[in-house]
Amino acid sequence: MATRIEIEVAAASPRRQIVVRLTVPAGTTLIEAVRQADLPGRLPGFHVSADRLGVFGQLRPPEWVLQAGDRAEAYRPLSADPKEIRRRLAESESVRGRHDA
């Protein structure tokens, strides 16, 4: 009999986060677990993309083999580039600092 492991699969929309607990066969890949969790069915409008998957906050390839206790994650696309946001914030702080002096 094949060994089974317990994992979690997590995803979030802008308004809601879900965590699905699964018991899967040892050797289950990241993409297999994400598919088994049926994220689009649980988060309407959520689209799973093989290049936006990870384990515990670290991007991983879809064929990554999960271990007992892992939290597989499917990430949604970013609405804005974080580097661009930081650049704009730094510029606004610089302008604000000149007016306060």
Side-chain angles (χ1 to χ4, degrees):
M1 184 166 150
T3 303
R4 299 184 65 78
I5 60 171
E6 292 185 21
I7 61 161
E8 294 179 337
V9 179
S13 70
R15 294 188 174 96
R16 185 170 164 232
Q17 176 182 337
I18 62 166
V19 177
V20 180
R21 288 174 177 78
L22 297 174
T23 301
V24 297
T28 296
T29 64
L30 179 55
I31 192 68
E32 290 168 340
V34 168
R35 286 182 181 141
Q36 188 173 339
D38 185 28
L39 298 176
R42 295 171 189 264
L43 278 174
F46 188 88
H47 300 284
V48 174
S49 175
D51 64 342
R52 293 191 317 259
L53 300 176
V55 177
F56 289 122
Q58 299 292 314
L59 284 175
R60 299 288 184 231
E63 62 277 359
W64 185 268
V65 177
L66 298 171
Q67 303 298 312
D70 277 353
R71 184 183 67 231
E73 300 162 339
Y75 309 116
R76 67 180 185 269
L78 297 176
S79 57
D81 178 9
K83 289 180 185 177
E84 179 64 20
I85 292 171
R86 285 192 297 273
R87 185 186 63 76
R88 288 182 187 170
L89 285 172
E91 286 176 0
S92 69
E93 290 295 321
S94 174
V95 169
R96 192 174 310 136
R98 283 183 276 185
H99 292 293
D100 292 342

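Numbering starts at 1 and runs along the sequence shown.
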Query raised in the report: Do side-chain atoms of E8 reach the backbone of R21 as a donor and acceptor pair under 3.5 angstrom?
Result: no

Query raised in the report: Counting only N and O atoms by type, is there a donor-acceptor contact under 3.5 Å from the side chain of R60 to the main-chain atoms of V55?
Result: no

Distance-minimising heavy-atom pair for [X] and [Y]:
{"X": "R76", "Y": "F46", "answer": "CB-CE1, 4.0 Å"}
{"X": "L30", "Y": "G54", "answer": "CD1-O, 3.6 Å"}
{"X": "A33", "Y": "V9", "answer": "O-CG2, 3.8 Å"}
{"X": "R52", "Y": "H47", "answer": "NH2-O, 3.3 Å"}

Requested in this report: Starting from the C-alpha separation in whole Å, work towards a yes-or-no answer on side-chain contact (heavy atoms from CB on, under 4.5 Å) for Q67 and D70.
Outcome: CA-CA 6 Å; Q67 303 298 312; D70 277 353; 3.7 Å; yes

Query raised in the report: With side chains defined as the heavy atoms from C-beta onward, is the minimum distance between T29 and P62 less than 4.5 Å?
Result: no

Report task. Run the numbers on W64 and L53 for side-chain contact (heavy atoms from CB on, under 4.5 Å), then give the verdict. Result -> CA-CA 10 Å; W64 185 268; L53 300 176; over 6 Å; no

**Report entry** Atom CZ of R35: over 12 foreign heavy atoms under 6.0 Å
**Finding:** no

Query - Residue from L66, I7, V34, T28 passing side-chain contact (heavy atoms from CB on, under 4.5 Å) with L22 - result: I7

**Report entry** Working for side-chain contact (heavy atoms from CB on, under 4.5 Å), residues E32 and V24
**Finding:** CA-CA 9 Å; E32 290 168 340; V24 297; over 6 Å; no

Requested in this report: Go through the steps for R16 and L43 under the test side-chain contact (heavy atoms from CB on, under 4.5 Å), then give the verdict.
Outcome: CA-CA 8 Å; R16 185 170 164 232; L43 278 174; 3.9 Å; yes

